[in-house]
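Report on one structure; see the data block that follows.
Every value quoted in this text rests on a predicted model; they were computed, and no experiment measured them. Heavy-atom basis, side chains included; hydrogens, waters and symmetry copies ignored. One-based numbering, in listed order, for ligands and for the atoms of each.
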Amino acid sequence: MEVHHQRFSVPFEYPVLFVKGAFAPGSTELEWAVTRDSPGGRHPVFVVLDAGLVAAQAGLVSAVEAYVRSHATLELRGTPLLLPGGEASKNDPALVATLHARFAEARLDRHATVLAIGGGAVLDAAGYAASTLHRGLRLVRVPSTVLAQCDGGVGVKTGVNAFGAKNFLGTFAPPWAVVNDLSLLSTLPLRDARAGMAEAVKVALIRDAALFDWLEANADALARAEAPVLEELVRRCAALHLAHIARGGDPFEAGSARPLDYGHWSAHKLEILSGHALRHGEAVAIGMLLDARYAERTGRLPAADLARIAALIARLGLPTHHAALTERSGAKLRVLAGLEDFREHLGGALSVTLLRGIGRAEEVHDMDVAIVEAAVEWLTERAGHA
Ligand SMILES: NC(=O)c1ccc[n+]([C@@H]2O[C@H](COP(=O)([O-])OP(=O)(O)OC[C@H]3O[C@@H](n4cnc5c(N)ncnc54)[C@H](O)[C@@H]3O)[C@@H](O)[C@H]2O)c1
Ligand SMILES: [Zn+2]
């Protein structure tokens, strides 16, 4: 056997900025984020926006255009492209083709920037298209939801849905920069703001008991989406997320463990089963409580911790049940298919994150179907759906 062991490593780095009013005429952060490798040059920029965000913030498109035009270092290419807000932009394969076509028309090269502004779904779709054109354009994300600012928008993944599965097509592609503009959150509907908080609960549960205490102490203000607490939640949650990617030892998820996907095996399935009536964060809230009950039943999680988790989720105005949870195909709960989808998505053996306490997680490689069934029944009874 003749083997040459090819080996090299590439350091990744990208700035994550926290700003207010990123597109205000005098603001310089976004320009810096785009031009940071050669501030004197001229940088082509193609703008992709979330139509839901644009509908809520009249004048945003012209503000972005004016911002790009007013900086000599930036060059607007093409006309800004609006993608439908939410999961619709990840469900339609034609949209990826449209993105590719518009990038090609605008003659973007690998040093050109796709500036994607919107919720996690639009960022995922725009990021996927950007990462596959010429094997990867620069992507500057401006996330506009709580979820995207604290989770998906600051990470290294892109994706769209296909073949009935979430994120079936996707890439690991670190962004060129992320600009978290906290003022964009002001128009976010309460329901979406709360859905984003589910990811903060998740990261607190697996990593940071002090954050969980803080979430409990501020639950009422958070449920009303009051700006100061929302901003602190975004900062703390984003910092934990970034630390996990940088120091968790597996930024591109080569292993099978994926603690940031706590509660997600069922959540991804519930999103699909509900026909996306459930928001991602809402499905995660249900999925986290399901797995918390499982952990409690299997002697891992103290009952008192389970009670705290259930209470916090409810106080944040997040759901703890949905009819999709009890749908059956023959005798089998349909949500259970999420376990196999999850294993397949990660590769290798099944690996599910369960809690040993608040802020403490472990990986398990086997889920007892009867106990999952009983946990679903528990959620159903609690919700009065029995
Ligand atoms: N790439 C990753 O690592 C990662 C991680 C977590 C989640 N995600 C993905 O993110 C998606 C969910 O993203 P999300 O929770 O940000 O929601 P979303 O993108 O589905 O947006 C929710 C709604 O809010 C609207 N909207 C966005 N910003 C707004 C604003 N400021 N004001 C008013 N309306 C606004 C959108 O148009 C949409 O209708 C899911 O597809 C999920 O799979 C990806
Ligand atoms: Zn998630």
Any Pro84 heavy atom less than 4.0 Å to ligand 1: no
Ligand 1 versus Thr187: contacting region, heavy-atom distance under 4.0 Å: both
Aromatic contact, Phe12 with Phe252 (centres under 6.0 Å): yes
Side chain, backbone, both or neither: Ala55 near ligand 1, heavy atoms under 4.0 Å: neither
Close N or O approach (Val122, ligand 1; < 3.5 Å): no
Atom 9 (C) of ligand 1: the protein heavy-atom neighbour that sits closest, reported with distance to 0.1 Å: Asp124 OD2, 3.4 Å
Per atom 29 (C) of ligand 1, closest listed option by heavy atom (Leu123, Asn161, Leu188, Asp181): Leu188
Glu199 N/O/S atom closer than 2.8 Å to the Zn ion (ligand 2): yes
Under 3.5 Å: N/O of Ala56 near N/O of ligand 1: no
Heavy-atom pair of closest approach, residues Ala129 and His100: O-NE2, 3.2 Å
Minimum-distance pair of heavy atoms, taken over all atoms of Glu296 and Leu306: OE1-CD2, 3.6 Å
Reported CD-to-OG1 distance for the pair Glu373 and Thr326, which is rounded to 0.5 angstrom: 10.5 Å
Distance from atom 42 (C) of ligand 1 to nearest protein heavy atom, with residue and atom: Lys166 NZ, 3.6 Å
Closest approach of any protein heavy atom to atom 4 (C) of ligand 1, naming residue and atom: Gly152 CA, 3.4 Å
Heteroatom proximity flag, Lys157 to ligand 1, N/O under 3.5 Å: yes
Minimum-distance protein heavy atom relative to atom 34 (N) of ligand 1: Pro189 CD, 3.8 Å
NE2 (His280) to the Zn ion (ligand 2) to NE2 (His264) angle, given to the nearest 10 degrees: 100°
Cationic N near anionic O, under 4.0 Å, Arg308 to Asp213: yes
Salt bridge flag under 4.0 Å for residues Lys202 and Asp151: yes
Side chain, backbone, both or neither: Ala121 near ligand 1, heavy atoms under 4.0 Å: both
Aromatic ring proximity His111/His134, centre distance under 6.0 Å: no
Element-labelled atoms of ligand 1 that are located less than 4.0 Å from some non-hydrogen atom of Leu184: 31 (N)
Geometric class of the His268/His264 ring pair [parallel <30°, tilted 30-60°, perpendicular >60°]: perpendicular
Atoms in ligand 1 with a heavy atom of Ser144 nearer than 4.0 Å: 27 (C), 28 (N), 29 (C), 30 (C), 31 (N)
Interfacing atoms of ligand 1 (cut-off 4.0 Å, heavy-atom, Glu87): 40 (C), 41 (O)
Cluster check Leu108, Leu95: I/L/V/M/F/W/Y, side chain < 4.5 angstrom: yes
Identity and separation of the nearest protein heavy atom to atom 37 (O) of ligand 1: Asp50 OD1, 2.6 Å
Arg77 side chain to Val114 backbone, donor-acceptor under 3.5 Å: no
Ligand-residue contact atoms, ligand 1 with Thr145, heavy atoms, under 4.0 Å: 14 (P), 16 (O), 27 (C), 28 (N)
Protein contact of atom 20 (O) of ligand 1 - nearest heavy atom, named by residue and atom, plus distance: Gly86 CA, 3.2 Å
Identified side-chain contact (heavy atoms from CB on, under 4.5 Å) counterpart of Val201 within the set Leu289, Leu211, Leu215: Leu215
Protein heavy-atom partner closest to atom 5 (C) of ligand 1 - residue, atom, separation in Å: Asp151 OD1, 3.1 Å
Backbone N/O of Gly40 and side chain of Thr73: donor-acceptor pair under 3.5 Å: no
Heavy-atom nearest neighbour in the protein, as seen from atom 22 (C) of ligand 1, with distance rounded to 0.1 Å: Asp192 OD1, 3.4 Å
Tyr14, OH: over 12 other non-hydrogen atoms inside 6.0 angstrom: yes
Nearest candidate to atom 30 (C) of ligand 1, where distance is taken over non-hydrogen atoms, out of Val284, Leu147, Leu53: Leu53
Heavy-atom pair of closest approach, residues Ala285 and Leu318: CB-CB, 3.9 Å
N or O contact, Arg279 vs ligand 1, cut-off under 3.5 Å: no
